Amino acid sequence: MKQETEEQQDFVKDITKMSDDFDRWYTDVVRKAELADWSGVRGMMVVRPYGWAMWEAITRAFDDMIKESGHENWAFPLLIPQSFLTKEAEHIEGFAPEVAWVTRAGASKEELEEPLAVRPTSETIVGSLIKRYIHSHRDLPKLTNQWNSVVRWEMRSRLFLRSREFWWQEGHTFHASAKEAIEEADLILGYYRSIAEDWLAVPVLSGRKSPAETFPGAVHTLTVEGLMRDGLALQMGTSHYFGQNFARAYDISFSNKDNEKEFCYSTSWGISTRLVGALVMAHGDDSGIVVPPKVAPIQVIVVPIFRDAEGRTKVEGFIDGWARELKAAGIRHRVDWRDERPGDKYAHWELKGVPLRLNVGTRDVDAGQVELVDRLSRERRPVPVAGIAERLQKELVTFQSRLFERAHEFQRQNTFELSTLDEVVAHFKERAGFVWAPWCGDAECEARIKGEAGGVTIRTIDPDEKASGQCLVCGKPAKHRVSLAKAY
RNA sequence: CGGGCGGUAGCUUAGCUCGGCAAAGCGCCUGGUUUGGGACCAGGAGACCGCGAGUUCAAAUCUCGCCCGCCCGACCA
């Protein structure tokens, strides 16, 4: 292990070591791997093509999932009249501190009659507008989604994880019964778990949030929480059940089968570009990032190796012979013909986290093979070119599951079971990770955890609700088993 | 938003204390030699020293304001 670290150190230039300073490491790799940058406007980021391509892969996967279950994409306005925003008291109270306002417009910068909020989330505008389209139980459910960006005036920002503008999808659905809306929120949470685990190879804890952590205006909030390599938790997606709270505030009603007016039951849910940050922090190492094959813009990088023009022609002809097979097989690959030395290219593509690399030199041509190197083990394995596309497809599948397994093992090794607040406080002084503990359900006890354990919060309530023992704070009988962590 | 630190070439920084021709490494361009784990030689381009004001014969350097970033805190679902 130590040896490996020293070896890696030799490979790396320009990025802070993860073990030296995780935060700097993160910023370094996000910028050096060309994922994103700050823009010069406070808290606003520019997402570069390599980072955006990962987000696009996520959007395609999720869009397919929701279309399959009958959801439709809409586009609602960016600006929300103040009067729309303020109807649901709890909701506006929760978001008021981070809303940006448009108060002037036009050539003369005239003051607007009514200030317009730049959407921090769209429950209020969707609610205000959707009622036009809902009259009867036959119009339900109304399953809407939109892909957009929102603005939240954050005081402290971090690339991908917390920026003043971020890109996401926000789903808003309206149902004729509580049961159906609750099922909808559960369904989406399952999709989010799949995006995190099956696509990003990040194992997650999922479950309800405590009341203190529940979305403003929601009856309950569901979450998926991943563990980053510094031991901090990251919320990777949330799905909210609103009951009739929003429908009542925005008068979203329908005539039921008995011709009685009834308020809708609604949900909302979102995942964002934060997920790109999640995969960086969950899989990266001192050499750079590691991109899960399923979302990798480049899955296989080919590095040709030759000495002279003759060698180049030979290698090029050889690669042309099977590169089309990769394309036909849908493998996202690229041949790096840049005029650099092989070692430089190895380091470059490792920094960018490309899962598989093929080294192809003249002696490989003679042997009818390539040298396969994966980003996790760095072992070199000769692979015959006959049947190479199939072989690489299998390797990508294996890589994806190895990456998940590695993250899962990390999660296991950083998950603990404790029973008292003293233990929890002591634990988080020394290390991080997830800690399971029994909790009585009292908000006062929850606040004491946060206060005394240095910002540790309840991340999830165990969905199995297998509570036993006494509350870690007050000692009363526990109602819930909860996961605790420091979080981003 | 409070406290602390910083901003000099694409990147990382030196120079600032004590005002006096703006430097280095990496990267970039050209040519040559190279090429199986971050090459070497030679030449070259690239900076209103974050922005604005002030002090001064003279400001990267001193003073003030603003902008941007980093760390800590509050906030953040």
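We name chains A, B, ... by the order of the sequence lines, and we start the count at 1 in each one. Small disclaimer: the values here were computed from a predicted structure and weren't measured.
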Can you measure [X] atom [atom1] to [N] atom [atom2] for me and round it to whole angstrom units?
X: R158(A); N: G69(B); atom1: CZ; atom2: P; result: 14 Å
X: Y488(A); N: C76(B); atom1: OH; atom2: P; result: 19 Å
X: Y192(A); N: A77(B); atom1: OH; atom2: P; result: 16 Å

*Looking at D366(A) and K314(A), does any basic side-chain N land under 4.0 Å from a carboxylate oxygen?*
yes
*Looking at R391(A) and E395(A), does any basic side-chain N land under 4.0 Å from a carboxylate oxygen?*
yes
Presence of [X] side-chain N/O under 4.0 Å of [N] phosphate oxygens OP1/OP2:
X: W38(A); N: C70(B); value: yes
X: R152(A); N: C76(B); value: no
X: R156(A); N: C72(B); value: yes
X: R341(A); N: G38(B); value: no

*Within 45° of the six-membered ring axis of Y488(A) and under 6.0 Å from that ring's centre, is NZ or CZ of R162(A) located there?*
no
*Are D374(A) and T398(A) side-chain neighbours, meaning at least one heavy-atom pair lies under 4.5 Å?*
no
Would you indicate which nucleotide in [options] comes nearest to any side-chain atom of [X]?
X: P342(A); options: G36(B), C75(B), G38(B); value: G36(B)
X: N359(A); options: G36(B), G69(B), A77(B); value: G36(B)
X: E154(A); options: G36(B), A77(B), C76(B); value: C76(B)
X: E371(A); options: G38(B), A77(B), G36(B); value: G36(B)

*Pick the C1' atom in A60(B) and in C51(B), then give their distance to the nearest Å.*
14 Å
*Euclidean distance for P, C68(B) against G52(B) (whole angstrom)*: 16 Å
